[in-house]
Amino acid sequence: MLRSTVVAIGRSRRFFTMDTTILSAMIDRFQEDAKTGKETFQLISSSCETFPHTSPSSPTKTLYILDSSFNPPHRAHLALARIRKDGDTLANSPTLLLLATNNADKGAHPTAQLTRRLEMMEALRTSNLSDTTSAIAVTSYPYFVDKARVIRERWPDVNQVWPIGFDTFLRLLDPKYYPNHDLQAGFGDFFTYSRVIAITRPGEKWGEREEQESFLRAIRRGERSGVPKEWAERIEFEVLDRIRGISSTRIREAANAGDEEELGRLLPRGVLEYVVENGLYRDEDTTPRFVDGYDGSLGADGDAMNILIPIPYAMKAPKLPATKNSP
Ligand SMILES: Nc1ncnc2c1ncn2[C@@H]1O[C@H](COP(=O)(O)OP(=O)(O)OP(=O)(O)O)[C@@H](O)[C@H]1O
Ligand SMILES: NC(=O)c1ccc[n+]([C@@H]2O[C@H](COP(=O)(O)O)[C@@H](O)[C@H]2O)c1
C-alpha cells in the first residue's frame, strides 16, 4: 500500500524528497529482478494510491505515457506530457512518466544516472504536473511495443496514448529494431489499444514540418513499405512550435558551459534547481546531437508548488547498501 507523508517544503523549493539511497537500492534491486524477468515494470511514485485511476469509483479509460531518457527532463518533455486529445483533459486522464533502464541504442544505464534522472522526474511531476493524476515508473524494456505490452498487462482496461517526438517516431517505425526486421509482427496488437501522437521536431536531421507531415500522409496512402495504412488511423500529428530546438543535449551543453540563463529558458524550475545545485553535466563530454533555433518564447508552464509528496511504493522494505549516493 502506498504510504504518503506531508513534507513541509515551504519556500525552500526542494522537490527531491525521495531518499537517494533508498531510490538507488530500489533501482539496483529492480535491475536484478529484470535480469531474471521477475520484474519488468515498477511504479516509483504517484499522486494517488489507485493510479492510474483517480479513485476506485472512477476508472481511467486513457493513460498518457511519456517515455524519455530524461537526461535531463526539459520544457519540451513537459509540453509532450501535457498534450491531450479527443476531449481528454489533464483533469480526467492521467500521465505516466516512464524511464527505461535500458536504451534501444545505448544499452543499460548505470544506477547512479537512473537515480538522478528519477529525482529530476519527480521534481517535474510534483511541480509541473500537479493538475493531473501522475506517476513515475521504470521499465527494463527499451522498445515501445514491449513497454506498451507490459503496461497493458498491468492495466488491461486502460487505453494508451504515446506522445512521441518526430525523431523517435521515425525510430518507432524503423524495422531494424524488430526481430527479423518484421515491423508488422513486431508491433503485434500494439495499435489495438495504443495511439501515437507524433509531434513535429523540425531541424537539419529530420526535415521541416512539411516533410514530417508528408511522411504521415504517405503512411495514410499506404506508400511506406512495411507500414499498413490502417496504422495511420491510430497516429495523430501535433505541431508544437514553441518547443522547437529544445533538447537534453543542448541543456547538457549549457550546464557544461555554466550558462544558467540558457538553462533557465530550457528547464522547468524544479529541474533547474536540481541541475544547478548538484552541478550536473559540469565535467561531462557533451557531444551535440540536436541543436536548433529555439526562440526562447515559452510561456508559463504552471510551476505550481506541491507540498504533498508521496513516498514511493518501493520504500516498503528495500535492503540498503552501506553508502551509495548518486552524483
Ligand atoms: N523539442 C522537442 N520537440 C519534439 N519532441 C521532443 C523534443 N524534445 C524531446 N522530444 C521527444 O521527447 C521524447 C524523449 O526524448 P529524449 O529523452 O531523447 O530527449 P532529447 O531532448 O531528444 O534528448 P537527447 O538530446 O539527449 O537526445 C522523444 O519522443 C523525443 O522525440
Ligand atoms: N523502436 C523503438 O521502440 C525505439 C527506438 C529507439 C528509441 N526508443 C526509445 O526511445 C526513448 C528515447 O530514446 P533516446 O534517448 O535514444 O532519444 C528511449 O526510451 C529509447 O529506448 C525506442
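We use all heavy atoms of the structure for the numbers below, so side chains are in, but hydrogens, waters and symmetry mates are not. Read the numbers this way: they start at 1 and go in the same order the structure lists the ligands and their atoms. Along the sequence shown, the residues carry numbers beginning at 1.
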For atom 7 (C) of ligand 2, which candidate among S248, A148, A104, G165 holds the nearest heavy atom? A104
R29/E32 ion pair, N-O < 4.0 Å: no
When you look for heavy atoms under 4.0 Å from ligand 2, do you find them on the side chain of Y177, its backbone, both, or neither? side chain
Using 4.0 Å as the upper bound for N to carboxylate O, is an ion pair formed by D86 and R195? yes
At under 4.0 Å between heavy atoms, which part of D67 makes contact with ligand 1: side chain, backbone, both or neither? backbone
F51 ring center near W155 ring center (under 6.0 Å): yes
Polar-atom distance check: S248 versus ligand 1, any N or O pair below 3.5 Å? yes
Answer yes or no: is there an ion pair linking E236 with R84, defined by an N-O contact shorter than 4.0 Å? no
Please list, in number order, the atoms of ligand 1 under 4.0 Å from a heavy atom of A76. 1 (N), 2 (C), 7 (C), 8 (N)
Report yes if some N/O of P142 lies less than 3.5 Å from some N/O of ligand 2; otherwise report no. yes
Using heavy atoms and a 4.0 Å limit, tell me yes or no: is L240 in contact with ligand 1? no
I199 N/O to ligand 1 N/O under 3.5 Å: no
Side chain, backbone, both or neither: F169 near ligand 1, heavy atoms under 4.0 Å: neither
Ring centre gap for F166 and W206 strictly below 6.0 Å: no
Using a strict 4.0 Å cut-off to heavy atoms of L172, name the atoms of ligand 2 that fall inside it. 1 (N)
Hey, which atoms in ligand 1 end up nearer than 4.0 Å to a heavy atom of H74? 8 (N), 9 (C), 21 (O)
Do the side chains of E122 and R125 get close enough for a salt bridge, i.e. N-O under 4.0 angstrom? yes
If you count the atoms of ligand 2 from 1 in the order shown, which ones are under 4.0 Å from a heavy atom of T168? 10 (O)
Is S68 close to ligand 1, meaning an N/O of one under 3.5 Å from an N/O of the other? yes
At a 4.0 Å cut-off, with the gap strictly under it, does some heavy atom of N71 reach an atom of ligand 1? no
Check: K106 N/O within less than 3.5 Å of ligand 2 N/O: yes
Side-chain ion pair, K205 and D167, N-O less than 4.0 Å: no
Could you pull out, from T168, L80, I197, the option with a heavy atom nearest to atom 11 (C) of ligand 1? L80
Considering R244, H77, R252, R201 one by one, which has a heavy atom nearer to atom 22 (O) of ligand 1 than any of the others? R201
Check each heavy atom of S69 against ligand 1 and say whether those closer than 4.0 Å belong to the side chain, the backbone, both or neither. both
Heteroatom proximity flag, F144 to ligand 2, N/O under 3.5 Å: yes
Counting only N and O atoms by type, is there a donor-acceptor contact under 3.5 Å from the side chain of E211 to the main-chain atoms of E208? yes
Within the 4.0 Å heavy-atom shell around Y178, which atoms of ligand 2 are there? 1 (N)
Which ligand 1 atoms, with their elements, are less than 4.0 angstrom from a heavy-atom of D167? 30 (C), 31 (O)
N or O pair under 3.5 Å between N103 and ligand 2: yes
So, is S68 polar-close to ligand 2, with some N/O to N/O distance under 3.5 Å? no
In terms of side-chain geometry, is the basic nitrogen of D189 or R152 positioned less than 4.0 Å from the acidic oxygen of its partner? no
Check whether the side chains of T21 and S24 place a donor and an acceptor atom closer than 3.5 Å, and report yes or no. no
Ligand 1 and G165, any nitrogen or oxygen pair closer than 3.5 angstrom? yes
Is I164 close to ligand 1, meaning an N/O of one under 3.5 Å from an N/O of the other? no
Within the 4.0 Å heavy-atom cut-off, what K176 brings close to ligand 2 is neither
S68 side chain to F70 main-chain N or O, any donor-acceptor pair under 3.5 Å? yes
For Q160 and Y193, indicate whether the former's side chain and the latter's backbone hold a donor-acceptor pair under 3.5 Å. no
Out of all atoms in ligand 1, which are within 4.0 Å of some heavy atom of F70? Include the element for each. 17 (O)
Should V161 and I65 count as side-chain neighbours, where that means a heavy-atom distance under 4.5 Å? no
Please check whether S69 reaches ligand 2 - meaning an N/O of the residue sits under 3.5 Å from an N/O of the ligand, judged on distance alone. yes
Below 4.0 Å, non-hydrogen atoms only: which portion of D67 touches ligand 2? Side chain, backbone, both or neither. side chain
One thing to verify: whether R250 and E253 come together as a salt bridge, which I'm taking to mean a side-chain N less than 4.0 angstrom from a carboxylate O. no
Does a salt bridge link R149 with D146, judged by any charged N lying under 4.0 Å from a carboxylate O? yes
Going by the order shown, which atoms of ligand 2 are within less than 4.0 Å of some heavy atom of Y143? 2 (C), 3 (O)
Under 3.5 Å side-chain donor-acceptor pair for T132 and T95: yes
Is there a donor in the side chain of E238 and an acceptor in the side chain of T200, or the other way round, less than 3.5 Å apart? no
